[in-house]
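Take a look at the structure set out below.
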2 protein chains.
Amino acid sequence: MDSRKQKILEAVVLDYIETAEPVGSRTISKKYNLGVSSATIRNEMADLEEMGLIEQPHTSAGRVPSEAGYRYYVDYLMAQSDIQQEAQQMISHALQDKQQKVGDVLRDSMKLLAEVTNCTTVMVLDENRGAALQLLQLLLVEPGKALMVIVMEGDKIENHFLEIPKSMTKEDLELVSAMMNQNLRGLKVDDWQRSMLETIFQDLTRQRQVVDRALEMLSSILDIRNKDKKIYLDGGLNMLSQPEFQDVNKVKTLLHSLEQQEVLSQLMEADNETGITVKIGAETGLDEVKDCSVIVANYKVKGKTVGKVGLIGPTRMDYATAVSMLNTMAQTLEEAYPDKE
Amino acid sequence: MDSRKQKILEAVVLDYIETAEPVGSRTISKKYNLGVSSATIRNEMADLEEMGLIEQPHTSAGRVPSEAGYRYYVDYLMAQSDIQQEAQQMISHALQDKQQKVGDVLRDSMKLLAEVTNCTTVMVLDENRGAALQLLQLLLVEPGKALMVIVMEGDKIENHFLEIPKSMTKEDLELVSAMMNQNLRGLKVDDWQRSMLETIFQDLTRQRQVVDRALEMLSSILDIRNKDKKIYLDGGLNMLSQPEFQDVNKVKTLLHSLEQQEVLSQLMEADNETGITVKIGAETGLDEVKDCSVIVANYKVKGKTVGKVGLIGPTRMDYATAVSMLNTMAQTLEEAYPDKE
DNA sequence: GTTAGCACTCGACATGATAGAGTGCTAACA
DNA sequence: TGTTAGCACTCTATCATGTCGAGTGCTAAC
């Protein structure tokens with residue numbers, strides 16, 4: 001793969017990203033001054049096609065990058081543009097207003113990202129299974145009914161109602177709460193184990209029933225945690241502006257897919273080690289979104305991945321800008337919120 | 001307006017709802033046996049057109065109901081079909097599984113409704129401003145940080161973090177909580193008044209600061225409540241199957257509008273007295289959804305409206321079925337959950 | 001190795017012809 | 001007087017046809 005072929009491939013990709021029209025040899029020779037005539041470019045393009053990097057929608061149309069072509073572009077040609085700076089500025093400006101809630105900032109960032117890239121943004125917050133318990137408290141709401149309040153590190157709150165024996169008093173609950181707090185505070189959810197929990201509380205005979213209920217509740221929280229990642233989506237409609245989504249049926253299928261958590265989860269699967277993962281078309285492994293690409297950035301805190309930010313767009317998306325933006329966004333967030341989820 | 005004209009108008013509406021194609025005189029005379037020839041029907045249709053109840057997309061096309069036509073149909077002709085029974089069965093069957101959370105049932109019902117009618121369903125839960133406070137508790141999370149847990153009648157829970165002086169102990173918070181509970185429990189949010197609150201707590205000097213924060217928080221809750229209705233949406237993509245929404249731009253505008261709370265709020269505005277409100281096309285007062293109609297049902301508990309369930313579809317929607325379904329749904333919900341929100 | 005030139009292919013678009021659905025009007029009928 | 005059959009007319013949808021232009025591949029010359 002000589003340097004001229006690379007330049008031509010890059011030209012095809014860039015022009016197609018810009019115009020969404022198949023790009024011909026003449027266009028390239030005129031617009032991107034490679035110093036050779038269109039005929040030469042034609043020859044090279046024939047080679048590129050043979051290599052599977054570009055393809056023709058039909059004879060006598062221009063060329064369009066194949067998925068392999070995008071792949072090559074992303075891996076070897078794409079310049080981490082100076083958009084980076086601009087993005088940096090924009091994002092940190094947007095995040096300036098720090099007095100808002102953490103959740104709101106994340107949402108706003110996603111919205112911003114979606115607007116700028118004209119793609120759909122996804123955020124997956126892995127439940128902090130590694131987070132420690134900060135506070136566990138049982139409150140008497142009315143006779144026979146208690147509320148269990150759980151506060152996790154990172155200010156995550158969960159509430160669950162509990163049925164309890166009517167005879168239980170506020171003081172009983174207080175006792176159980178104190179006991180649980182004493183034993184569980186600072187422990188990570190991952191480290192909870194039913195058997196362990198049970199031994200801890202075996203001498204609380206009078207409050208036996210409450211303890212049982214509470215433990216049941218806690219176990220089910222453990223179960224839910226594993227499945228129930230929090231997924232936020234923004235800009236779901238953005239892609240409708242793209243010329244490749246002018247067909248309503250296509251749109252319907254796509255949007256429908258994006259409403260399904262499993263689909264999003266799979267899309268957002270990414271190697272936790274690398275910073276940014278780009279999946280092009282079929283690489284997503286999902287037929288429903290075969291005309292789309294996904295860019296996923298891990299969002300780390302203290303070196304540990306706690307969530308992911310993703311960008312979903314047409315295969316013909318502006319990878320350079322998207323990657324830049326996403327990178328910047330993840331970094332900025334990490335710097336701004338080193339100790340929050 | 002003689003009975004034959006009515007029958008013809010009804011035929012036009014029904015046929016157009018079914019086929020989405022302009023309906024001609026011949027079709028009517030063949031399909032709906034009114035005992036007269038197509039020529040007669042033509043004459044009648046000319047009259048109906050003059051009256052503004054039907055219109056022609058262009059010369060030599062069939063007729064299509066105008067908005068006024070739909071209105072007339074809904075007001076005078078529409079039969080509350082026997083779908084009612086079927087719906088009843090279906091809905092109560094779906095709601096059988098009562099052990100789920102209240103919120104889930106509502107969601108499921110909406111999903112069902114959306115599927116069956118192929119429309120978008122909306123649910124607005126007016127915040128229970130009339131609900132009474134059940135429990136208010138301050139919990140010490142860590143030094144300098146407290147969590148305020150509020151439980152309202154109807155099992156609504158709210159959590160808010162509060163910054164407090166580091167010197168505050170668990171016992172201080174317990175004292176404030178007890179005080180607040182004692183004074184506020186059973187009171188309706190509407191009845192809280194800052195001035196009143198302040199006099200109650202004026203002798204808690206040591207905890208002054210916490211009380212202040214808490215009161216601030218409570219006030220802001222009051223403010224939020226007024227604006228922040230909870231709105232749920234389901235089947236947002238359903239309308240894409242309708243032939244009138246084959247144009248992507250139209251779809252984009254529409255879906256975008258439906259993402260905006262204000263739009264939904266306005267759409268769902270309805271006379272609280274009457275059970276069901278039907279707004280056809282321009283009657284919604286919103287240009288963004290001018291090709292849509294909205295049917296809103298009030299959802300009452302103990303005779304008081306606590307929420308609304310709505311159905312958004314194309315003007316050419318099946319009003320009879322929709323109204324039946326919605327009616328049944330609201331009734332079933334009321335019966336099933338007389339004392340929950 | 002590069003380029004100019006040329007024949008060829010194919011889609012986009014405009015044009016025109018045709019069929020069919022539906023109307024309005026008129027005259028005849030009960 | 002209301003109803004109906006018949007007919008001319010209108011308009012759209014559809015298909016075949018022709019033309020244009022963009023783009024290609026190939027060949028021969030540089």
Side-chain angles (χ1 to χ4, degrees), chain A residues 1-9 11-16 18-66 69 243-244 246-247, chain B residues 1-9 11-66 69 243-244 246-247 316:
Chain A
M1 184 86 168
D2 59 36
S3 125
R4 191 170 64 189
K5 277 201 180 56
Q6 288 191 332
K7 278 190 185 131
I8 291 174
L9 175 58
V12 172
V13 172
L14 291 179
D15 207 77
Y16 185 63
E18 185 188 344
T19 65
E21 296 287 333
V23 21
S25 53
R26 229 174 89 82
T27 313
I28 293 186
S29 81
K30 269 199 300 187
K31 210 160 151 187
Y32 306 80
N33 37 357
L34 305 183
V36 290
S37 81
S38 64
T40 310
I41 294 177
R42 275 204 286 285
N43 288 330
E44 298 283 39
M45 281 168 101
D47 291 350
L48 285 171
E49 183 159 18
E50 212 171 320
M51 297 162 73
L53 296 173
I54 57 181
E55 44 199 24
Q56 258 181 312
H58 56 84
T59 357
S60 92
R63 301 306 212 291
V64 161
S66 68
E244 36 266 88
Q246 288 310 94
D247 175 38
Chain B
M1 183 88 167
D2 59 38
S3 124
R4 191 169 68 190
K5 277 201 179 58
Q6 288 190 332
K7 278 189 186 133
I8 291 175
L9 174 58
V12 172
V13 172
L14 290 180
D15 208 78
Y16 185 62
I17 284 176
E18 185 188 344
T19 65
E21 296 288 333
V23 21
S25 54
R26 230 175 87 82
T27 313
I28 294 186
S29 81
K30 270 199 297 184
K31 211 160 151 186
Y32 306 79
N33 39 356
L34 304 183
V36 290
S37 80
S38 64
T40 309
I41 294 178
R42 275 204 286 286
N43 288 329
E44 297 283 39
M45 282 166 99
D47 291 350
L48 285 170
E49 182 159 17
E50 211 172 320
M51 295 161 75
L53 295 174
I54 57 180
E55 44 200 24
Q56 259 179 312
H58 56 84
T59 354
S60 91
R63 302 305 213 291
V64 160
S66 68
E244 35 265 89
Q246 288 311 93
D247 176 40
R316 186 190 60 76

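Lettering follows sequence order; numbering is per chain, from 1.
Protein atom NE2 of B/His58 is 12 Å distant from nucleotide atom C1' of C/dG20, rounded to whole Å. Atom NZ of B/Lys5 and atom P of D/dG2 are 10 Å apart (whole Å). At whole-Å resolution of the value, CG in A/Asp47 and P in D/dC26 are 11 Å apart. Here the C1' atom of nucleotide D/dG25 and the CD1 atom of A/Ile54 are 14 Å apart, to the nearest Å. Taking atom CG of A/Asn43 as the reference point, atom P of D/dG25 lies 8 Å away to the nearest angstrom. Distance CD (B/Glu44) to C1' (D/dT4): 13 Å, rounded to an integer number of Å. Atom pair A/Ile41:CD1 and D/dA22:P shows a separation of 17 Å (rounding to whole Å applied). Between the CG atom of A/Leu48 and the P atom of D/dG25 there is a distance of 12 Å, given to the nearest Å.
Put simply, the side chain of A/Asp15 does not reach to within 4.5 Å of the side chain of A/Ile28, judged on heavy atoms. In this structure, the side chains of A/Glu44 and A/Asp47 come closer than 4.5 Å at one or more pairs of heavy atoms. Two residues are said to be in side-chain contact when any heavy atoms from C-beta on lie closer than 4.5 Å; B/Met1 and B/Leu53 meet this criterion.
Looking only at distances, a side-chain donor or acceptor of B/Gln56 sits under 3.5 Å from a matching main-chain atom of B/Ala61.
Applying the 4.0 Å criterion to OP1 and OP2 of D/dT4, one finds that B/Thr40 has a side-chain N or O inside that range. Considering only side-chain N and O atoms, A/Arg63 lies under 4.0 angstrom from the phosphate OP1 or OP2 of D/dT24. Remark: A/Arg42 is not in phosphate contact with D/dA22, judged by side-chain N or O atoms under 4.0 Å from OP1 or OP2. Distances shorter than 4.0 Å separate none of the side-chain N or O atoms of A/Ser60 from OP1 or OP2 on D/dG23. For C/dC10, the OP1/OP2 oxygens have a side-chain nitrogen or oxygen of A/Thr59 closer than 4.0 Å. At D/dT24, one or more side-chain N or O atoms of A/Ser25 fall inside 4.0 Å of OP1 or OP2 (strictly under the cut-off).
In this structure, of D/dA5, C/dG11, D/dG25, it is D/dG25 that holds the atom nearest to the side chain of A/Glu49. For A/Met45, the side-chain atoms get nearest to D/dT24 when compared with the rest of D/dT24, D/dT4, D/dG25. Which of D/dC11, D/dT4, D/dG23 sits closest to the side chain of A/Thr27 comes down to D/dG23. Taking only side-chain atoms of A/Gln56, from C-beta outward, the nucleotide of D/dT24, D/dA5, C/dC10 with the closest atom is D/dT24. Listed nucleotides: C/dT3, D/dC11, D/dT4. Nearest to the side chain of A/Val36: C/dT3.
Between the side chain of B/Arg26 and the base of C/dG20, no donor-acceptor pair of N or O atoms lies under 3.5 Å.
Base pairing of D/dC15 is made with C/dG16, judged by Watson-Crick or G-U wobble geometry with both donor-acceptor distances under 3.5 Å. The pairing partner recorded for D/dA28 is C/dT3, the criterion being a Watson-Crick or G-U wobble arrangement whose two distances lie under 3.5 angstrom.
The residue A/Ala61 sits close only to the backbone: its heavy atoms come under 4.0 Å of sugar-phosphate atoms, none of a base.
Mapped onto DNA chain D by nearest heavy atom, B/Gly35 and A/Gly62 fall at different nucleotides, with B/Gly35 at the one closer to the 5' end.
B/Val23 approaches B/Met45 most closely through the heavy-atom pair O-CE, 3.6 Å. For the pair A/Glu18 and A/Tyr32, the tightest heavy-atom approach, listed with the atom from each and the gap, is OE1-OH, 4.4 Å.
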